Peer 1: 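I am attaching a structure below and will ask some questions about it afterwards.
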Number of protein chains: 4
Amino acid sequence: MAATQPERSRDRDRTQGEILEVATREFAEHGYSGARVDEIAERTRTTKRMLYYYFGSKEGLFVAVLEQAYAAIRAAEQTVDVDHLDPVAAIRALAELTFDHHEAHPDFIRLVSIENIHRGEHMAESLAAINAPAVERIERILRAGREAGVFRADVDAVDLHMLISSYCVFRVANRHTWQALFDRDLLAADRRDGYRTMLGDVVVAYLTG
Amino acid sequence: MAATQPERSRDRDRTQGEILEVATREFAEHGYSGARVDEIAERTRTTKRMLYYYFGSKEGLFVAVLEQAYAAIRAAEQTVDVDHLDPVAAIRALAELTFDHHEAHPDFIRLVSIENIHRGEHMAESLAAINAPAVERIERILRAGREAGVFRADVDAVDLHMLISSYCVFRVANRHTWQALFDRDLLAADRRDGYRTMLGDVVVAYLTG
Amino acid sequence: MAATQPERSRDRDRTQGEILEVATREFAEHGYSGARVDEIAERTRTTKRMLYYYFGSKEGLFVAVLEQAYAAIRAAEQTVDVDHLDPVAAIRALAELTFDHHEAHPDFIRLVSIENIHRGEHMAESLAAINAPAVERIERILRAGREAGVFRADVDAVDLHMLISSYCVFRVANRHTWQALFDRDLLAADRRDGYRTMLGDVVVAYLTG
Amino acid sequence: MAATQPERSRDRDRTQGEILEVATREFAEHGYSGARVDEIAERTRTTKRMLYYYFGSKEGLFVAVLEQAYAAIRAAEQTVDVDHLDPVAAIRALAELTFDHHEAHPDFIRLVSIENIHRGEHMAESLAAINAPAVERIERILRAGREAGVFRADVDAVDLHMLISSYCVFRVANRHTWQALFDRDLLAADRRDGYRTMLGDVVVAYLTG
DNA sequence: GATGAATGAGGATTCATTCAT
DNA sequence: AATGAATGAATCCTCATTCAT
């Protein structure tokens, strides 16, 4: 039998997890400055004191929240396998998966917006490693497409990732101003398929054009 | 008849303008919650009391800042004329102008991010009218392209506007997390032309593909 | 009739004065770190908020307390005139006045001890000017004594001031440890005259020896 | 028989000694209230818990620190033998030794200041016994001087000890405020000899005057 | 209309200490 | 005897706002 953690440690992990969960919601909801440490503590089974015990400060807690959010998002992405498809189908599938993924995680997108408002000052160095696979997968598809002669040759994987991300992120992140300016709900259910297809079309047209 | 404002009123306008200018910087810099009313007042020639006198509350001031920011941005956009070009050249020109425009106004983009974090609750209704021309211009280009048989027929002007905006906004708004995750500066001067061309290519390929 | 201050300003001064008075007691009693801002506010007719409004921080308040304490002590000293006495009588009178003065102001001595524990980091520059007269007076007496041929010629006024101060300060400042170590109350009323005379003897013997 | 302490006890003594050493520095540096139990523990190879285990409380630790500091200081003083000198030379030698001794132990002087701020409430009773020899030695010199007819007869040993101590302590303890008030560094190396001689002169003049 | 002074309510954080084994 | 984890109760400070003229 594998070594079992002592009861204590599991409590510790569970409590930290609970704090992170509640803090994620609070930060995503109100931004870094708008989030209230008291509020986070109150919605937890522990006290504000424990929050400081585990995370040191409001800032330390936010860093932990960001770290966990990125880890969760990349873990979810990893599950997808698109390598066996032909290049065109693969890149469309990847774009569409990214599309659905963003729609499913609005809190993550809000956290990223918030972190950018704070000029990325809470981004741990470890995050770069976590995100590398996303680009590598695109790289593999691009290479296959170039070798098959169906993709233009001058496209960089990071830049294509940006093209896909910008579309997916904007739809979620800028939903509210877009609604006010153009009276259009970017997340309306009856438009979702259209937007998803549009993204695939954009990416494929660009790569094969 | 020329407006003959009394001396008082001109003072009033100048003071309000100064407050708005300082407040725009403060809100863009620190977010809504992070912005400090004291700080704004201090960087102004008036007092905090006047700020409340003119704008009622921190929220009222933020609404005024947003309103002014949108008005300024659309006024600048209006000066561009792309209608006389052929559809492909016109849409590329428009996309590239939008690209440069966003790069030139990072504070505006930050304010929009901030407002989206706050779920668009400070967006005045009047803003819809201000932004309509941007879509109408795209509409005109799309129609010309469709009639000339060079554009696909199923593209909506608002959606194309989103495609262009998302790319331009993301580059500025998500610069910091992107730098941390992929070690790439999206605003590096030596990549600007490449990114601008890429956007044009994307849009044209999509429309003509 | 002289200009009368507006009612408001007098309130302000009175309130600040009250805060300083209470803060002086609290700092003298518990030291800088041991003093409680809440406690000071509570013993005042104002709120803790006003304390920060007027003095900015606990540290700002402590600086103000020190400044006022030094000003008060030197103002009291100034009232004494010893210049018309012969040098020996004058220096003895000055020493004895200093002696009584210190005994009468134990809180001041405590504040000075506390400030020395904090390495003098709260001493305003203005204090040097306030204290110059004390040395100048000694200087005048020393000069007269040297000219009369009754004092040794190599004594510096600041150093003689230190000799006198050290004796007077120690009696008050180190009272408690002295009591514990030697079972002697340095401030016992029935020893006061003896200690006062001893100081005069020490100073006169040194100068005339 | 040589003491054969069990290994455990020696560990215990070593740990306690380390805690005391670190705590002495921390209390001397920041005062009683300003000292941080966490900080002390962190600079030790043990944990905060052990500190409570051995000393019971912050106060208990401070009492132990004081006790040890007094013991160390008196032990050092004891090594000096001045009894074989003639009374005038002996008292001057003793004063000058005390002078050097204080300069060499500023932390001890700071601890004593701190304890006096706290009204001597942490002074263990045992300290009286430790300090008795200091006075007894002065008593012997005074008696010899009186019998030789070179000293005045009305001087008490404790009081002479105070005269010497006050001068030596003040120079170290009040260094910082003196610097700020009179722009003079009482511990400047090039003044040390002068101050030491001055003390001897003062004491001898008083006793023989 | 214009303004210097004042403030209630809340905000992040720290402190010495004890629990549970 | 020895100890890693946990914590109640403060502690200093700040914020948007309003009072009183």
Side-chain angles (χ1 to χ4, degrees), chain A residues 6-9 11-13 15-16 32-41 46-62, chain B residues 6 8-9 11-12 15 32-41 46-62, chain C residues 6-9 11-13 15-16 32-42 46-62, chain D residues 6-9 11-12 15 32-41 46-62:
Chain A
E7 180 67 31
R8 207 31 107 63
S9 290
D11 263 24
R12 187 189 172 97
D13 288 356
T15 301
Q16 291 191 4
Y32 177 74
S33 303
R36 297 289 166 248
V37 174
D38 280 288
E39 190 67 15
I40 295 170
T46 44
T47 63
K48 186 167 44 163
R49 188 61 192 77
M50 288 315 292
L51 192 155
Y52 277 91
Y53 182 61
Y54 286 134
F55 300 99
S57 65
K58 183 182 183 178
E59 202 168 352
L61 180 55
F62 185 63
Chain B
R8 242 340 144 61
S9 289
D11 263 23
R12 183 190 174 95
T15 300
Y32 177 74
S33 302
R36 296 290 165 250
V37 174
D38 279 285
E39 190 68 17
I40 294 170
T46 45
T47 65
K48 187 164 46 163
R49 194 60 195 77
M50 290 315 293
L51 193 156
Y52 276 90
Y53 191 66
Y54 286 135
F55 299 99
S57 66
K58 184 183 184 179
E59 203 168 351
L61 179 56
F62 185 63
Chain C
E7 180 66 30
R8 200 39 98 67
S9 289
D11 262 23
R12 187 187 173 97
D13 288 356
T15 301
Q16 291 193 3
Y32 177 74
S33 301
R36 296 290 167 247
V37 174
D38 280 287
E39 191 67 17
I40 294 170
E42 211 154 272
T46 43
T47 63
K48 186 169 42 163
R49 188 60 192 76
M50 289 314 293
L51 193 156
Y52 278 91
Y53 182 61
Y54 287 135
F55 299 101
S57 65
K58 185 181 182 179
E59 201 168 353
L61 180 55
F62 185 63
Chain D
E7 180 66 30
R8 247 331 151 63
S9 290
D11 263 23
R12 184 191 173 95
T15 300
Y32 177 74
S33 302
R36 296 288 165 252
V37 174
D38 281 285
E39 191 67 16
I40 294 170
T46 45
T47 64
K48 186 165 45 163
R49 193 61 194 76
M50 290 315 294
L51 194 154
Y52 276 89
Y53 190 66
Y54 287 135
F55 300 99
S57 65
K58 182 181 185 180
E59 203 167 352
L61 180 55
F62 185 63

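All values derive from a computational prediction rather than experimental measurement.
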Peer 1: Can you sort out the partners of D:E39 under side-chain hydrogen bond (donor to acceptor under 3.5 Å, both in side chains), two or more places apart, ordered by chain and number?
Peer 2: D:R43
Peer 1: Across the strands shown, which category fits C:A35 at heavy-atom distances under 4.0 angstrom: base, sugar-phosphate, nothing?
Peer 2: sugar-phosphate
Peer 1: Find which nucleotide of DNA chain F each of B:K58 and A:T47 is nearest to by heavy atoms, and output the residue with the more 5' nucleotide.
Peer 2: A:T47
Peer 1: On DNA chain F, compare the nucleotides closest to B:Y32 and C:E39; which residue's is nearer the 5' end?
Peer 2: C:E39
Peer 1: Base, sugar-phosphate or nothing for B:T46? Non-hydrogen atoms, less than 4.0 Å.
Peer 2: nothing
Peer 1: Please, what dot-bracket string fits DNA chain F when only Watson-Crick and G-U pairs with both distances under 3.5 Å count, crossing ones use [ ] and pairs to another strand use |?
Peer 2: .||||||||||||||||||||
Peer 1: D:M50 has a side chain; which of E:dT14, F:dT3, E:dT18 sits nearest to it?
Peer 2: F:dT3
Peer 1: Name the residue closer to the 5' end of DNA chain E, choosing between A:G56 and C:R49 according to the nucleotide with the nearest heavy atom.
Peer 2: C:R49
Peer 1: For the side chain of D:D38, counting heavy atoms from C-beta on, which of E:dT13, F:dA16, E:dA16 is nearest?
Peer 2: E:dA16
Peer 1: Report the nucleotide, chosen from E:dT13, F:dT7, F:dT17, that has the shortest atom-to-atom distance to any side-chain atom of A:Y53.
Peer 2: F:dT7
Peer 1: Check this one for me: any side-chain N or O of D:R36 less than 4.0 Å away from OP1 or OP2 of E:dC15?
Peer 2: yes
Peer 1: Need one value for C:Y54: base, sugar-phosphate or nothing, where a base atom within 4.0 Å counts as base even if backbone is also close, heavy atoms only.
Peer 2: sugar-phosphate
Peer 1: Would you say A:R12 reaches F:dA6's phosphate, i.e. side-chain N/O to OP1/OP2 under 4.0 Å?
Peer 2: yes
